[in-house]
Each structure stands twice: as C-alpha cells, then as structure tokens.
Amino acid sequence: MIVAGNERWRRIGRIAAELAGCYGALLLVDDLLTGGTGFAGLHPNPLWLPVMVMALAYGTGPALVAATIASILWLAHADMSGSGRDYLDHLFHLSLPPLLWFVTAVGVGEVTMLRTQRYVRLDRRAETARRNVARLTEAFHRLEHINRALQVQVAIDPCSGGHVVAVASRLATADAAERPAVLTELIALGTRTGDFTCYRRTDGEARAWLRGPAAAGQAETLPDTLMTLVEQRDAPVHVGHPADRAALAGHGVVAIPLPHPDTGRVIGCVVLHSVPFAALNAHALAEMAEVGRWLAPLAIERAPAPARRRERVVA
C-alpha cells in the first residue's frame with residue numbers, strides 16, 4: 001500500500017512538472033513572437049498542444065487540468081472589451097477555444113483510458129498465462145523425473161513379476177535340501193523384507209521353521225499369548241492396532257497367520273521383525289495375508305509325516 005501511494009504521488013509530480021514545462025515554454029514563445037497576446041492571432045491556438053499531449057499520455061484527468069490552465073491563459077491574454085464587435089460574436093470568440101479544448105480533453109482522454117485499461121487487462125492475462133506455463137512446465141519436469149525414477153525402480157526391483165515367477169519355478173524342481181532356501185526367498189519377495197521368521201505348530205507349540213537372511217538371533221518359539229491372538233484373527237496382527245502391541249512386543253511388527261486351506265485352522269505364522277510403519281497400509285496388509293494363504297499348503301507339505309505302526313503278523 002505504501003509503494004502504491006508513493007507511485008501515485010510520483011505520477012502527480014511528473015504530470016505537474018510536464019505541465020509547468022510545456023506552458024512555461026509556450027508563454028516564453030508567446031512573449032517573444034506575439035508580444036504576450038496568448039497566441040490570439042494564431043489558428044489553431046498553440047495552447048491546445050499540452051491538452052492533446054496530456055490526453056494522449058495520461059487520460060482524461062490530466063487533460064482536463066491542462067485544458068483549465070490553457071483556458072485561464074487564454075482569457076488572461078484576450079481582449080475582454082470587445083470594442084467594435086457584436087457582444088454575442090465576441091462572447092463566442094472568447095468561449096470557442098476553451099470549449100474545444102475541454103471536448104478534446106474528454107474525447108481523447110477517454111479513448112486513452114480505455115486503451116490503457118485494455119493494455120492492463122492484456123498484461124494480467126499474459127502474466128497469468130506465463131504463471132500457468134511455468135506451473136505446467138514444472139509439473140511436466142516433475143512427472144518426467146518420477147517416470148524416470150519408476151522406470152529405474154522397475155528395472156532393478158527384485159520383486160518384479162518375472163523374478164517372482166523365476167523363483168517360484170525353482171520351487172517345483174528343487175530337491176528337499178534346496179526347498180527351504182527357495183521358500184525363504186519367496187517369502188522375502190512377498191513381504192518385501194528379509195527380517196522374518198516363519199513359525200509352524202509342532203507338538204503343541206510354535207517353533208521356527210524358516211528364517212529370513214536378516215532374522216538371526218530371533219526366538220526359537222513363539223509365546224502362547226501371541227500365537228493365540230494370531231489364531232483368533234482372520235487377518236495379520238500388527239502394531240497398527242494398539243491392542244496388539246503388547247503381544248508383539250519383543251517379537252516383531254506383524255504376525256501373518258497361516259490358515260489351513262481346508263479347515264481354516266491356523267497352523268503357524270510368519271513374524272516380520274522390522275517393517276516401516278508407513279508400510280502397514282490396507283494394500284500391504286492384504287498382500288501379507290495372501291502370502292500366508294499360499295504358504296500354508298507348503299507348510300503342510302513339509303510337515304513331518306507320523307511314523308506308521310507296523311502290525312505284527314501272527315503266523
């Protein structure tokens with residue numbers, strides 16, 4: 001607001017200086033050439049020049065000020081007696097130049113103001129267009145950067161579809177010694193972490209069956225409180241639920257149940273020991289539950305078969 005006020009006063013000062021300079025020069029020329037008659041013998045009268053300049057440069061307001069000054073100078077130098085002339089003719093002779101100057105000031109000044117306002121609107125539209133182009137350019141570069149980053153991530157992501165299919169195909173041809181390593185790699189791909197332990201119920205307790213490469217030193221068995229909580233849920237138990245944090249404390253962040261494909265009874269669970277809290281969204285939890293469903297049949301397959309009793313044949 002202060003800047004706008006200073007600009008306004010500077011504009012007024014500039015117009016006043018220009019008016020003073022123009023009429024000062026005209027009065028000097030009038031005094032040298034016509035003897036100070038206010039250019040009474042010249043047609044058109046040169047006093048209208050500042051009126052036209054102000055109207056073209058600044059609009060109606062400064063032009064009316066210039067017309068007022070020109071009319072005062074004209075009447076100050078005019079012959080007010082009108083001797084030897086008709087009164088009405090003399091009055092018309094005195095009032096016609098000021099009337100023309102005021103008409104010029106209003107007509108030309110309004111056209112100038114309309115033109116100036118149009119230029120202001122065009123400048124605003126051009127500035128808006130420049131800002132929009134800058135935003136679009138920035139958004140395009142940002143999307144291009146994201147697209148390039150995603151392409152690189154897809155190219156180097158170990159969890160790509162092709163890699164998962166390759167690991168899963170190895171499971172079908174792996175021997176008994178290699179199957180645990182292949183299963184561990186598949187679980188790491190499905191959960192996107194290598195810090196996990198897969199527990200399976202054996203002899204009434206949950207014992208470690210598979211371990212991820214970053215899960216060294218984790219508990220060999222799960223406490224009954226955590227395993228009971230996993231059995232009561234149809235979805236992963238995670239620290240996103242405040243009620244689950246006490247059972248998971250000291251063991252992990254997420255416990256994924258392994259439901260039996262036929263009975264639905266939980267036969268084990270996969271405990272993720274370290275997962276970013278931001279990864280515990282609905283999509284990630286649904287993927288974890290799916291990992292538990294496809295891993296459960298494999299856990300059943302790998303369960304040790306009970307020894308058959310040999311019936312003694314009585315001869």
Side-chain angles (χ1 to χ4, degrees), residues 142 146 149-150 152-154 156-161 163-165 167-168 171 180-202 204-300 302:
R142 186 166 59 251
I146 294 173
L150 288 176
V152 173
Q153 182 178 355
V154 169
I156 65 176
D157 188 8
C159 298
S160 62
H163 186 64
V164 172
V165 171
V167 175
L171 184 62
V182 178
L183 283 174
T184 300
E185 188 174 355
L186 276 176
I187 296 172
L189 290 174
T191 59
R192 296 180 181 272
T193 179
D195 191 7
F196 68 88
T197 303
C198 181
Y199 295 90
R200 185 175 56 183
R201 270 205 177 277
T202 304
E205 61 180 356
R207 291 185 174 276
W209 171 41
L210 299 173
R211 294 184 186 274
Q218 297 297 334
E220 185 66 24
T221 60
L222 277 184
D224 292 337
T225 55
L226 178 55
M227 196 63 199
T228 301
L229 182 61
V230 172
E231 291 173 348
Q232 293 174 352
R233 293 284 181 86
D234 293 332
V237 177
H238 59 90
V239 294
H241 292 153
D244 299 342
R245 294 173 184 172
L248 287 167
H251 299 285
V253 180
V254 183
I256 306 170
L258 305 181
H260 194 285
D262 297 328
T263 64
R265 182 176 57 89
V266 175
I267 61 174
C269 69
V270 178
V271 178
L272 307 183
H273 304 294
S274 61
V275 175
F277 191 81
L280 300 180
N281 53 58
H283 179 71
L285 292 174
E287 286 186 346
M288 294 176 187
E290 187 65 24
V291 170
R293 281 191 288 271
W294 66 253
L295 182 60
L298 300 176
I300 296 172
R302 298 307 301 164

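- Here Ser274 pairs with Asp195 under the side-chain hydrogen bond (donor to acceptor under 3.5 Å, both in side chains) rule; sequence neighbours left out.
- Across all their heavy atoms, Val254 and His238 have their closest contact at CG2-CB, 3.9 Å.
- With contacts defined as side-chain heavy-atom distances shorter than 4.5 Å, the pair Cys269/Met227 qualifies.
- Two residues are said to be in side-chain contact when any heavy atoms from C-beta on lie closer than 4.5 Å; Ile187 and Phe196 meet this criterion.
- The minimum heavy-atom distance linking Pro236 with Pro257 is given by the pair CA-CD, 3.8 Å.
- Contact check for Arg265 versus Ile267: side-chain heavy atoms found under the 4.5 Å cut-off.
- With respect to the salt-bridge test (charged N to carboxylate O, under 4.0 angstrom), the residues Arg200 and Glu205 do not qualify.
- Contact check for Met288 versus Leu272: side-chain heavy atoms found under the 4.5 Å cut-off.
- Here side chain to side chain donor-acceptor pair (under 3.5 Å) pairs that include residues 243-257, with residues two or more places apart or in two chains, are Arg233-Asp244, His241-Asp244.
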Output a table of donor-acceptor pairs, distance under 3.5 Å, between side-chain atoms of residues 215-225 and any protein atom two or more places apart or on a different chain; print 'none' if there are none.
| from | atom 1 | to | atom 2 | distance (Å) |
| --- | --- | --- | --- | --- |
| Gln218 | OE1 | His273 | ND1 | 3.4 |
| Glu220 | OE1 | Arg211 | NH2 | 2.9 |

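- Checked against Val270 for a side-chain contact (heavy atoms from CB on, under 4.5 Å), the options Leu295, Val291, Leu210, Thr197 give a single hit: Leu295.
- Within the model, atoms CH2 of Trp209 and CG of Leu183 stand 5.0 Å from one another, a figure rounded to the nearest 0.5 Å.
- Taking the side chain as every heavy atom from C-beta outward, Cys198 and Ile256 never approach each other to under 4.5 Å.
- Closest heavy-atom contact between Pro259 and Ala296: O-CB, 3.0 Å.
- Shown here for Val253 and Val275, the closest heavy-atom pair between the two residues is CG2-N, 3.9 Å.
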